[in-house]
*Asks:* 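This is the structure I want to talk about, given as structure tokens.
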Amino acid sequence: MPELPKGFEHAQVDPKWYAFWESIGAFRANPDSRKPRFSMVLPPPNVTGSLHVGHALNHTLPDIVARWKRMQGYDVLWLPGTDHAGIATQNVVEKQLAEEGKSRHDVGREAFVARVWEWVRKSHGTITSQMRKLGESVDWSRERFTLDEQLSHAVRRVFVTLYREGLIYRGRYIVNWCPRCRTALSDLEVVHKEITGKLWYVQYPGVAGGPSVTVATTRPETMLGDTAIAVNPDDDRYRTLVGRQVRLPIIGRDLPVIADAFVDPAFGTGAVKVTPAHDPNDFQMGERHQLPQVAVIGEDGRMTQEAGPYAGQDRFKARAGIVSQLEHEGLLQRIEEHRHAVGHCQRCNTVVEPLVSTQWFVKIEPLAKPAIRAVEEGRIRFVPENWTKTYYEWMHNIHDWCISRQLWWGHRIPAWYCDKCGETIVAEEEPKACPCGGTLRQDNDVLDTWFSSQLWPFSTMGWPEKTRDLEHYYPTDLMLTGFDIIFFWVARMIMAGLKFAGDVPFREVYITGLVRDERGQKMSKSRGNVVDPLEVMDEIGADALRFTLAAMASPGMDIPLSEGRMTGYRQFINKIWNASRFVLMNTGDVSERPALPDVSALGIVDRWILDRVSRTAAEVDAALRDFRVDVAADRLYHFFWHEYADWYIELIKPHLRPEAPERPHTVAVLLEVHDRILRLLHPIIPFVTEELWQHLPRKAGDPQTVTLAAFPTSIPAWEESSAVADVESIQEVVTAIRTVRAERGVPPSRRIAAIVDEHDERQRRMLEANARYISLLAGLDRVEFRADVEMDPDTVKRVLAHAQIYVPLAGIVDRQGEIEKLRKELEAARKEIASLETKLANANFVERAPAPLVRQTRDRVEQLKGRRATLEATLTELGA
Ligand SMILES: [Zn+2]
Ligand SMILES: [Zn+2]
């Protein structure tokens with residue numbers, strides 16, 4: 001084995017090991033193995049996308065679980081793939097065309113789709129290589145794409161089945177329409193933004209001498225399509241008006257006044273205009289009262305012929321024109337400011353226009369009921385549990401799902417219309433001709449992207465064929481995803497899985513938080529605070545990014561990703577690297593792993609570390625079983641840094657000398673513990689652990705990669721309290737002396753003496769027997785164990801639970817100089833406390849400054865007060 005380089009060069013190391021894992025099929029699932037199975041499907045990223053920080057989190061966490069399960073001896077299937085992402089992908093290619101001054105209509109459907117495919121093939125390599133860079137242990141031999149032939153077959157099978165059962169229908173209905181994308185949108189694709197708009201009060205004159213009525217509207221341009229005025233039947237103000245007619249300004253159409261309980265008497269004047277073609281509530285009111293639909297805005301966002309003088313104008317320009325005409329005619333009674341939500345296209349941010357059009361829908365209620373039951377019966381568990389409530393609320397209020405999109409990129413709707421007899425034929429395969437002999441024309445529209453992604457957990461495994469994979473790996477065990485797609489995706493997968501694959505698609509759903517910037521703000525391009533995981537990986541490596549995300553991923557919490565944390569964990573990885581170099585340099589002559597001696601033959605330090613590594617393994621395992629990767633990362637970090645590296649490695653240095661009698665035993669323990677630590681860390685930081693593990697001498701039967709090595713478990717025979725208690729006592733004494741050294745400014749290299757007055761007899765003998773460890777770690781040249789210690793002003797006394805420690809510093813530290821130094825520091829601390837407290841007493845600062853700054857200021861005051869107390873005590877002790 002070549003010597004380990006000085007530093008961890010992730011840019012060389014990471015790709016080498018990923019290629020190795022792939023070449024030996026380390027991530028390949030095998031349904032014929034005898035191992036227990038564990039399966040997951042990866043939420044497919046957009047095929048033309050790039051890895052963002054949300055992916056980095058939502059791919060790292062399941063990767064940790066997958067690697068852990070694999071090391072525990074499971075046959076793990078983690079199935080990857082990409083999504084064709086209909087509207088998003090089409091928009092990208094449309095933008096490319098626009099740069100050439102063309103639209104998709106200029107190039108035609110076939111050529112446009114061919115161009116999208118070309119773009120998809122090119123960019124597919126981008127996202128998948130980024131996933132490799134992050135270290136995702138997915139089974140690439142099973143990679144799928146939502147437009148694969150087999151997955152498209154699944155889509156058609158589902159469509160036809162639902163259609164035959166009456167659960168898919170075509171109808172004229174009001175839908176959310178994006179005039180820019182020129183397509184219908186599902187409710188979920190509409191982003192509602194609160195804006196301050198206006199409420200215009202418009203008077204509609206009475207007909208034939210009848211009374212006029214005033215209505216309030218936020219959208220005067222739609223009034224040209226009014227077909228009624230409505231009031232609440234219980235509203236006494238309008239009782240006599242119901243059944244009469246008023247005249248629509250500008251157009252001159254006579255409108256009936258109707259009574260409908262939907263009208264809120266408290267809104268505006270209590271009388272509202274009814275525009276069935278441009279408002280979803282009015283649409284339903286129109287159905288109840290058989291009102292005509294007059295569409296005055298077209299699919300392009302321009303006014304139609306029905307809009308009279310405004311025909312052909314853009315809808316917002318028409319609004320301005322109509323308002324000024326009404327004002328001119330004296331029909332505009334007043335204008336108020338009005339806060340309300342306006343729907344915007346999720347993809348292009350255009351204001352959505354409700355329009356009546358012919359679309360395909362899924363009747364959702366019969367599918368939702370079993371999906372609600374599955375969660376109620378505990379067949380699916382949400383983590384954190386509070387998402388269950390959100391799920392129920394949404395599922396109980398679910399609307400029919402508009403699944404047709406007026407796009408070209410996607411699964412084309414498998415419906416054909418006969419030109420001659422008007423028949424609609426829905427079929428999996430293209431029918432040759434209509435039974436009447438007429439020519440058939442396929443529906444122009446494609447399906448909503450989520451229609452295919454809802455089938456992902458089973459379509460990827462070969463459904464509708466009864467494949468070995470489907471039988472073996474479905475239902476999957478775990479789905480991990482962001483909360484933003486619970487309804488787009490998670491709920492629909494549950495409905496589709498129950499309906500078509502005969503079972504829930506997964507047993508557990510883990511919902512992750514959002515990755516935010518270090519001040520807790522949402523990342524956005526406009527704020528300029530977006531963290532690019534690819535840049536981070538270039539800079540500090542995938543492992544450091546992974547460890548940061550893991551350590552910060554507390555369930556139910558957003559993650560404030562900070563540079564400081566990432567740098568800190570990068571240092572942690574360096575620490576692991578350096579400790580490994582130490583281990584390898586000091587065990588270098590060992591080519592094969594020595595057998596571990598019986599625990600009873602070992603000294604307390606070795607027994608202590610075996611206990612600690614065993615308990616740490618148990619804690620990490622328990623944490624991972626609860627998906628607490630944050631707890632697992634935290635335990636490993638502290639164990640490695642604050643027990644193994646800071647203490648164990650320091651304590652055994654003398655044992656590792658060639659002549660030391662303890663050497664053979666300690667080498668065996670050191671290699672065993674180091675091996676276990678690398679295995680425990682591997683699921684979180686796969687690359688660096690593989691590189692280091694490959695340098696360790698092997699045990700017989702070890703696999704060729706740590707990725708396939710057994711995950712450490714606790715070893716009850718290693719767990720004992722006496723060695724642990726003894727080492728803790730030694731640590732306590734050492735820490736006390738080190739603190740004295742720091743407080744009194746003893747130079748680090750200066751050897752000093754200490755006296756331990758231990759009252760407990762057994763304890764005293766133990767400390768005495770291990771005096772060399774105390775001397776080594778506390779920088780002593782002499783340690784005595786006795787009572788009756790003579791005090792003088794230069795001797796420092798510390799009281800522990802059942803011992804007193806004396807540190808004589810006469811001739812070592814200049815007491816007067818030290819007093820001067822500490823007084824200065826105390827003075828500075830007092831000043832800073834006073835200044836910060838004045839700041840915190842200022843309500844202006846506390847209310848207006850960013851919350852993290854206020855918190856930091858408070859923390860600093862607490863810290864300074866602690867320091868002040870220590871300084872005061874030390875000065876008193878020094879007789880100052
Ligand atoms: Zn749009
Ligand atoms: Zn026909």
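When reading the values below, keep in mind they use all heavy atoms of this one structure, side chains included, and skip hydrogens, waters and symmetry mates. Nothing fancy with the numbering, it's 1 onward along the sequence. Counting starts at 1 for both ligands and their atoms, following the listed order.
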*Asks:* Any side-chain donor paired with an acceptor under 3.5 Å for Thr439 and Asp419?
*Replies:* no
*Asks:* Can Tyr173 and Asp400 be counted as having a side-chain donor-acceptor contact under 3.5 angstrom?
*Replies:* no
*Asks:* Protein N, O or S atoms less than 2.8 Å from the Zn ion (ligand 2), ignoring waters?
*Replies:* Cys418 SG, Cys421 SG, Cys434 SG, Cys436 SG
*Asks:* About how large, to 10 degrees, is the angle SG of Cys345, then the Zn ion (ligand 1), then SG of Cys181?
*Replies:* 110°
*Asks:* Should the pair Arg441 and Trp416 be classed as cation-pi, given the thresholds of under 6.0 Å to the six-membered ring centre and 45° from the axis?
*Replies:* no
*Asks:* Do the side-chain N and O atoms of Ser50 and Gln130 include a donor-acceptor pair separated by under 3.5 angstrom?
*Replies:* yes
*Asks:* Taking the six-membered ring of Trp401 as reference, does the NZ or CZ atom of Arg492 fall below 6.0 Å from its centre and within a 45° cone about the axis?
*Replies:* yes
*Asks:* Would you say that more than 12 heavy atoms from the other residues, nucleotides or ligands in this model lie under 6.0 Å from the CD of Glu165, or not?
*Replies:* yes
